[in-house]
Amino acid sequence: MKSLVGKRICLTGGTSGLGLVVANHIIRQGGELFLFLRDEAKLKDINVNDQVHPIICDLSNTKDIENAINKIKSITNELDVLINNAGLWVFGEKKLTEEGIELTWQVNVVAPFLLIEGLKELLINGNDAIIINTASALHQGYINWDDPCFEKTSFSGFLAYRQSKLAILLLTLHYATELENSIKVVSNHPGVVSTNLAQSANWFIKWFFSLFGKSPNKGAQTIIHLLENSDKAISSTYYVNKKVAKTSTPESRSSNSANRLVKLLKSNFENSYTEINVNIDIKIS
Ligand SMILES: NC(=O)c1ccc[n+]([C@@H]2O[C@H](COP(=O)([O-])OP(=O)(O)OC[C@H]3O[C@@H](n4cnc5c(N)ncnc54)[C@H](OP(=O)(O)O)[C@@H]3O)[C@@H](O)[C@H]2O)c1
């Protein structure tokens, strides 16, 4: 285990599953942690010390994301690591955010996009900065470009989750290229892990995860490896079991799709989020 003293690390999804293991590891190893959480009561599971800055933020709410970015900027102008780990899988009926966005798309795709955009200046100021995105082996298929939020087609939680994990791989590719001279951007698949991800699923899926899933401690090891060995990490790469993996789909490596996705997210942001008076410094190009 390596010391993380002096590293300034921003982590989403650090209150459960893999992220909770990563959060407590960062604290144990002396890192400074900007810990996103939506429920303050969850701090009881975390060994909080004066190096931990709780950032209260529901990632389904864009105003919360803006406030979180501003709070971080009020504490520091440098970050070394951003870990976009929070994620969800909607089982059952489609769920919309208060702003009318399909929940999986908002939390798994729009939130990491806004955090990368909102925090990239701080990461550029940091030391050998890295963005670590939690993806999944479940990312086959294509983005439903005409209807990513299932407004015209009937909702499938499976397809929404799979599409969102393809999107996080495409965001990794896009930002690895855009930021190639300043920040590394990598993704990882933790394996099947017994966490709260399937908590609202039917008994069979829950049974599958609990029987075949590894422990959150084991599942978190690739993120921890990337965090501790960021100097050796290769930007734009997909990591599984702590190693570079060549198993992501050809579509997840398509630069055209990566650029198209970022254009779509930027234009959605420009068209709708500005109406709700959210002001995150997104460069529309
Ligand atoms: N488990 C697996 O087999 C598996 C496989 C591949 C990839 N993954 C990915 O691994 C990542 C971590 O998931 P996990 O398995 O550790 O699941 P988990 O135990 O359910 O943890 C998910 C984390 O995301 C946070 N989160 C969810 N919705 C949020 C919101 N609206 N605002 C703020 N935070 C929110 C949760 O916060 P709360 O504590 O407040 O709920 C929690 O900290 C996800 O990106 C997931 O897609 C998991």
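Count residues from 1 along the sequence. We count ligands from 1, going down the list as the structure has it; atoms in each ligand are counted the same way. Because the structure is predicted, anything quoted here is derived from the model rather than measured.
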message = Looking only at side-chain N and O atoms, does Asn196 offer a donor or acceptor that is under 3.5 Å from a partner on Ser16?
response = yes
message = Consider side chain to side chain contact (heavy atoms under 4.5 Å, CB included). Of Ile75, Ile9, Val52, which one does Phe34 pass it with?
response = Ile75
message = List the protein residues in contact with ligand 1, where contact means a heavy-atom separation under 4.0 angstrom.
response = Gly13, Gly14, Thr15, Ser16, Gly17, Leu18, Arg38, Lys42, Cys57, Asp58, Leu59, Ser60, Asn85, Ala86, Gly87, Leu88, Val107, Thr134, Ala135, Ser136, Tyr161, Lys165, His189, Pro190, Gly191, Val192, Val193, Thr195, Asn196, Leu197, Phe209
inquiry  = Measuring from atom NE2 of His139 to atom CD1 of Ile143, what distance do you get when rounded to the nearest 0.5 angstrom?
reply    = 11.0 Å
key: Modelled atom types, side-chain donor and acceptor of Asn125 and Asn77, under 3.5 Å   = no
query = Parallel, tilted or perpendicular: which fits the ring planes of Phe158 and Trp89, with parallel below 30° and perpendicular above 60°?
reply = tilted
query = Got a second to check how far Asn108's CG is from Ser136's OG, nearest 0.5 Å?
reply = 10.0 Å
